[in-house]
There are 2 protein chains.
Amino acid sequence: MGVKTSLNSKGELSAQIAEAIRAAIISGALPFEHRLPSEAELSDQFNVSRPTVREALKRLAAQNLIRTLRGATGGAFVNRLSFEEAYAQQITTSTLLLSMNDVSFETACEARYALERACLKLSATRRLPDHLATMRAEIHRQGQPGLSDESFCNSDVAFHRALVDGAGNPVLSYQLAGAVEAMQPLMNMITFTARSREKIICFHTDIADAIEGGDAKKANTALNALAEYTIALAHNVSDRHRQNQSGVDSDQSEITRSSSTEPTE
Amino acid sequence: MGVKTSLNSKGELSAQIAEAIRAAIISGALPFEHRLPSEAELSDQFNVSRPTVREALKRLAAQNLIRTLRGATGGAFVNRLSFEEAYAQQITTSTLLLSMNDVSFETACEARYALERACLKLSATRRLPDHLATMRAEIHRQGQPGLSDESFCNSDVAFHRALVDGAGNPVLSYQLAGAVEAMQPLMNMITFTARSREKIICFHTDIADAIEGGDAKKANTALNALAEYTIALAHNVSDRHRQNQSGVDSDQSEITRSSSTEPTE
DNA sequence: TTGATCCAATTGTCAGACAATTAAATGTTT
DNA sequence: AAACATTTAATTGTCTGACAATTGGATCAA
């Protein structure tokens with residue numbers, strides 16, 4: 001029996017090994033919770049050293065494909081990708097993509113509201129009392145005086161999450177999580193005046209009312225109004241931004257310290 | 001100047017280091033194409049060994065956050081996440097999620113068509129001749145006799161990709177790529193009869209006609225019809241499937257060989 | 001100036017060791 | 001026999017030091 005697996009392709013060994021194992025997982029040859037051979041056995045099978053195997057396993061761990069446990073019964077186990085993990089991955093990827101490709105606020109906004117619009121009909125018929133309660137609660141929170149911009153944006157995200165989750169389709173929620181959450185940094189750029197908050201809350205209330213009444217059409221109208229208003233707000237901000245902006249080129253080259261760091265020596 | 005960075009938090013060092021660097025990248029402290037310190041310098045800064053640093057870097061590489069190059073001017077460079085890479089990541093994550101959480105065909109289908117519906121309006125007004133041409137070409141291809149099920153599904157995906165891309169919003173395309181592509185394995189399970197293909201082509205034609213005429217409403221109607229029909233088809237298949245299915249439990253424990261492998265000794 | 005050669009920096013890989021962790025096996029006491 | 005403490009073995013996590021492979025630039029010669 002061919003226990004040894006040769007790798008002919010080119011490139012780094014750890015990448016090849018990671019790819020081989022990933023393919024095995026995706027194909028279903030390695031079922032969930034299945035324990036991979038130990039690092040020592042793998043390095044034997046692939047005829048490489050243990051550090052190389054470890055680099056391969058770390059690659060897979062970074063993609064949530066496996067978890068590793070220490071100890072006598074430890075090892076690397078095929079991870080069942082949960083919706084939670086998928087959400088998180090989706091969000092980080094979306095956030096990075098947006099921040100790295102200077103997507104215009106208009107484009108991102110358009111995408112976000114277009115996607116949300118897709119949920120309205122389902123949400124209007126299926127939303128549970130929970131979702132509605134969350135929406136109402138967030139609206140209330142948004143009306144609190146003295147709420148920071150960041151908190152307001154967080155609440156905004158929570159409101160829309162509830163709206164999306166109301167559709168009762170986890171796949172839909174997963175797909176939209178990235179769109180909604182990834183917008184947050186961009187949203188945070190907008191300094192909401194009291195007046196604009198008031199209007200936004202008004203739109204939110206309209207949406208919640210429509211969802212409560214099962215009126216998808218009315219919800220759609222309200223969401224459209226919110227979308228238009230948001231984009232208009234952003235337009236103002238970006239105009240002001242353009243005026244203030246000069247060629248600022250930060251030249252930091254040190255890695256930012258993690259929260260728990262201290263200079264040594 | 002504190003060159004050394006201490007890591008107080010718990011867990012594996014390589015994970016902590018990866019997280020610190022990832023945070024620095026996401027925060028923008030490390031701009032694109034910026035070269036990270038060499039592995040030796042990093043192991044100095046974080047006060048760990050080089051293998052540990054390497055594991056951290058491999059984790060980041062697996063997430064497309066950095067690339068590494070060998071040689072005198074080599075090193076690890078902050079990678080600008082392209083839409084292409086983001087697509088690919090999005091698709092693999094979505095595919096895994098669906099295959100690992102036995103999402104019902106109905107749920108996935110509903111999500112997919114709901115998302116697509118979000119693009120119709122934009123696509124009807126913005127689509128370029130290219131998109132329309134692709135849609136027409138794929139429709140034609142779908143009508144070819146003797147086309148394999150897999151090719152038909154591929155063409156189906158291409159058709160819908162064109163529809164989505166017609167909206168002219170890369171963020172939207174990115175978000176939907178996962179939904180559409182991840183459905184393919186599920187779609188492949190359905191054996192399309194000549195009769196059902198004919199109907200699907202009919203719906204596709206209706207959609208293309210509507211998009212060409214800029215009639216979002218008509219396109220919406222056609223897409224709804226297609227969605228209903230697809231789900232009905234799937235229902236039949238899953239019913240038949242249920243009858244045939246008994247508890248099959250494969251117990252493979254070997255890692256599938258990569259395409260270029262051979263048993264040794 | 002051009003071309004070939006050498007050099008230094010850097011990542012990729014290896015080997016072997018030890019630390020840390022964990023569950024199971026073993027032994028001991030009640 | 002049951003409950004508890006101890007040992008043990010397996011496994012991952014980390015370190016050290018070394019060498020190979022690669023690659024751009026420097027050096028030097030024609």
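Computation of the quantities below employed the complete heavy-atom set of this structure, encompassing side-chain atoms and omitting hydrogens, waters and symmetry-equivalent molecules. Chain letters run A, B, ... following the sequence lines, proteins first and then strands; every chain starts at 1.
Considering only side-chain N and O atoms, B:Arg35 lies under 4.0 angstrom from the phosphate OP1 or OP2 of C:dT10. Between A:Lys58 and D:dG13 there is a side-chain N or O to OP1 or OP2 distance below 4.0 Å. A close approach under 4.0 Å does not occur between any side-chain nitrogen or oxygen of B:Thr73 and OP1 or OP2 of D:dG24. At least one side-chain nitrogen or oxygen of B:Thr52 sits closer than 4.0 Å to the OP1 or OP2 atom of D:dC15.
Neither side chain, A:Asn169 nor B:Thr107, offers a donor N or O lying under 3.5 Å from an acceptor on the other.
Checked by atom type and distance alone, the side chain of B:Thr93 never pairs as donor or acceptor with a backbone atom of A:Ala86 at under 3.5 Å. A donor-acceptor pair under 3.5 Å links the side-chain atoms of B:Glu85 to the main chain of B:Ser82, judged by distance alone.
Mapping B:Glu41 and A:Ser14 onto DNA chain C by nearest heavy atom places B:Glu41 closer to the 5' end of the strand. Projected onto DNA chain D by closest heavy-atom contact, A:Ala72 and A:Arg54 fall at different nucleotides, the more 5' of which corresponds to A:Ala72. Both B:Glu39 and B:Pro51 lie near DNA chain C, and the one whose nearest nucleotide falls closer to the 5' end is B:Glu39.
Classification of the B:Tyr174-B:Tyr87 ring pair by plane angle, with boundaries at 30° and 60°, yields parallel.
The base of C:dT13 sits within donor-acceptor range of the side chain of B:Arg50, with an N or O pair under 3.5 Å. At a cut-off of 3.5 angstrom, the base of D:dG24 holds no donor-acceptor pair with the side chain of B:Arg70.
A:Leu13 places its CG atom 13 Å from the C1' atom of C:dT11, with the value rounded to the nearest Å. For B:Leu36 and C:dT11, the CG to C1' distance is 13 Å, given to the nearest whole Å. Between the CD atom of B:Glu55 and the C1' atom of C:dT11 there is a distance of 15 Å, rounded to whole Å. The separation between A:Arg67 atom CZ and D:dG13 atom P is 13 Å, rounded to whole Å. Following rounding to the nearest Å, B:Phe77 (CZ) and D:dT23 (P) show an atom-to-atom distance of 13 Å. If you measure from atom CG of B:Leu69 to atom C1' of D:dA21, you get 14 Å, rounded to the nearest angstrom.
Of the listed residues (A:Leu115, A:Leu176, A:Leu122), just one forms a side chain to side chain contact (heavy atoms under 4.5 Å, CB included) with A:Val164, and that residue is A:Leu176.
Closest approach to the A:Val48 side chain among C:dC14, D:dA18, D:dC15 is made by C:dC14 (side chain taken as heavy atoms from C-beta onward).
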